[in-house]
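The structure appears right after this line, and notes come after that.
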Amino acid sequence: MLKLEIVTPEKRVLVTEAEEVVIPTASGEAGILTDHAPLISELKPGILSYFGKNASARLVVAGGFVEVSDNRVAVLTDSAFFPEEIDLESARSLRDAAEKQLAISADSPENREAAQAEREFAEALIKLAERK
């Protein structure tokens, strides 16, 4: 069994036990099971899923970092949202603003990267909200 903890700067979003956690890392989705090798990885904006005997859920994380060690999965992220917390219209507005920023940031790789991450976050919010 894994202990999953998701923390933002404002609050502890979740502490639970899970049999499997699927996280959106910078290099692709990673599945974490009991006795997983130690890992520290950057997260990209996307959907984090966990599955357990008593509960399973999906939530959107806005990037950050994950540390896996001794059957503990610690996720540090700027924000995390469960489906019922997502305002679909706000998510669509966020995506539109990010796409506009992408269109005007061609000359600045740093601004383009930030706009791309914002768009990925908005798209994950929309995807999860529409699957409620």
Side-chain angles (χ1 to χ4, degrees):
M1 196 63 82
L2 299 166
K3 178 180 179 184
L4 171 62
E5 183 173 10
I6 300 173
V7 178
T8 69
E10 292 82 33
K11 65 181 180 177
R12 179 176 285 153
V13 175
L14 177 72
V15 176
T16 191
E17 289 189 344
E19 294 175 355
E20 179 181 4
V21 180
V22 179
I23 52 176
T25 71
S27 59
E29 281 193 342
I32 309 297
L33 299 170
T34 303
D35 296 327
H36 193 282
L39 167 75
I40 295 177
S41 179
E42 183 178 357
L43 295 177
K44 70 174 189 171
I47 297 174
L48 179 148
S49 305
Y50 66 92
F51 310 94
K53 290 180 183 174
N54 299 325
S56 297
R58 296 163 44 100
L59 61 151
V60 174
V61 293
F65 295 91
V66 63
E67 178 183 12
V68 179
S69 179
D70 297 324
N71 291 323
R72 182 175 168 268
V73 180
V75 175
L76 306 173
T77 183
D78 286 336
S79 57
F81 296 94
F82 287 95
E84 60 274 9
E85 300 173 317
I86 299 170
D87 178 336
L88 189 54
E89 289 309 311
S90 294
R92 288 180 176 144
S93 294
L94 182 64
R95 179 191 57 196
D96 294 345
E99 287 176 350
K100 287 177 185 173
Q101 186 62 38
L102 274 170
I104 62 172
S105 64
D107 295 343
S108 172
E110 186 176 286
N111 290 344
R112 185 165 182 74
E113 187 176 308
Q116 179 66 31
E118 193 75 10
R119 183 175 69 179
E120 288 175 5
F121 178 64
E123 288 174 348
L125 288 168
I126 293 165
K127 181 178 179 180
L128 191 59
E130 289 179 341
R131 297 177 104 187
K132 284 184 189 176

Identify the heavy atoms of [X] and [Y] that sit nearest to each other, and give their distance.
{"X": "Ala91", "Y": "Ala122", "value": "O-CB, 3.7 Å"}
{"X": "Ser56", "Y": "Phe51", "value": "OG-CA, 3.4 Å"}
{"X": "Glu19", "Y": "Leu2", "value": "O-CD1, 4.0 Å"}
{"X": "Phe81", "Y": "Leu128", "value": "O-CD2, 4.0 Å"}
{"X": "Gly46", "Y": "Ala124", "value": "CA-CB, 3.8 Å"}
{"X": "Glu85", "Y": "Ala80", "value": "OE1-O, 4.0 Å"}

Nearest-0.5 Å distance that lies between atom [atom1] in [X] and atom [atom2] in [Y]:
{"X": "Glu120", "Y": "Lys44", "atom1": "CD", "atom2": "NZ", "value": "5.5 Å"}
{"X": "Asp96", "Y": "Gln101", "atom1": "CG", "atom2": "CD", "value": "13.5 Å"}
{"X": "Asp78", "Y": "Thr8", "atom1": "CG", "atom2": "OG1", "value": "8.5 Å"}
{"X": "Leu94", "Y": "Glu118", "atom1": "CG", "atom2": "CD", "value": "4.5 Å"}
{"X": "Lys127", "Y": "Ile86", "atom1": "NZ", "atom2": "CD1", "value": "12.0 Å"}

Got a sec, which residues hit side-chain contact (heavy atoms from CB on, under 4.5 Å) with Ser90, two or more places apart in sequence or on another chain? Asp87
For [X], which residues count as a side chain to side chain donor-acceptor pair (under 3.5 Å) partner, sequence neighbours excluded?
{"X": "Glu123", "result": "none"}
{"X": "Ser93", "result": "none"}
{"X": "Asn111", "result": "Ser108"}
{"X": "Arg119", "result": "Gln116"}

According to a hydrophobic-cluster definition based on side-chain heavy atoms being under 4.5 Å apart (Ile, Leu, Val, Met, Phe, Trp, Tyr only), do Ile47 and Val75 belong together?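 No.
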Pick out which of Thr77, Val22, Leu14, Ile6 makes a side chain to side chain contact (heavy atoms under 4.5 Å, CB included) with Leu48.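 Only one of Thr77, Val22, Leu14, Ile6 forms a side chain to side chain contact (heavy atoms under 4.5 Å, CB included) with Leu48, namely Ile6.
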Give me the other members of the hydrophobic cluster that Leu76 sits in, counting Ile, Leu, Val, Met, Phe, Trp and Tyr linked by side-chain heavy atoms under 4.5 Å, directly or via other members. Val7
Is Val15 isolated, or which residues cluster with it under the ILVMFWY side-chain rule of less than 4.5 Å, directly or via members?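 Val15 clusters with nothing; isolated.
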Could you tell me which residues satisfy salt bridge (Lys or Arg N to Asp or Glu O under 4.0 Å) with Glu10, sequence neighbours excluded, listed by chain and number?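 Listed in chain order: nothing, the list is empty.
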Taking distance alone, no hydrogens or angles, what donor-acceptor pairs closer than 3.5 Å link side-chain atoms of residues 58-74 to residues at least two apart or in another chain?
{"from": "Asn71", "atom 1": "OD1", "to": "Asp35", "atom 2": "N", "distance (Å)": "2.5"}
{"from": "Asn71", "atom 1": "ND2", "to": "Asp35", "atom 2": "OD1", "distance (Å)": "3.3"}

Within the supplied structure, the quantity of interest is the number of heavy atoms (other residues, nucleotides, ligands) at a distance under 6.0 Å from Glu113 CD; does it exceed 12?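 Incorrect, the count does not exceed 12.
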Just distance, no hydrogens or angles: give the donor-acceptor pairs under 3.5 Å from side chains in residues 24-34, sequence neighbours left out.
{"from": "Thr25", "atom 1": "OG1", "to": "Ser27", "atom 2": "N", "distance (Å)": "3.3"}
{"from": "Thr25", "atom 1": "OG1", "to": "Ser27", "atom 2": "OG", "distance (Å)": "3.4"}
{"from": "Thr25", "atom 1": "OG1", "to": "Gly28", "atom 2": "N", "distance (Å)": "3.3"}
{"from": "Thr25", "atom 1": "OG1", "to": "Gly28", "atom 2": "O", "distance (Å)": "2.4"}
{"from": "Thr34", "atom 1": "OG1", "to": "Met1", "atom 2": "N", "distance (Å)": "3.0"}

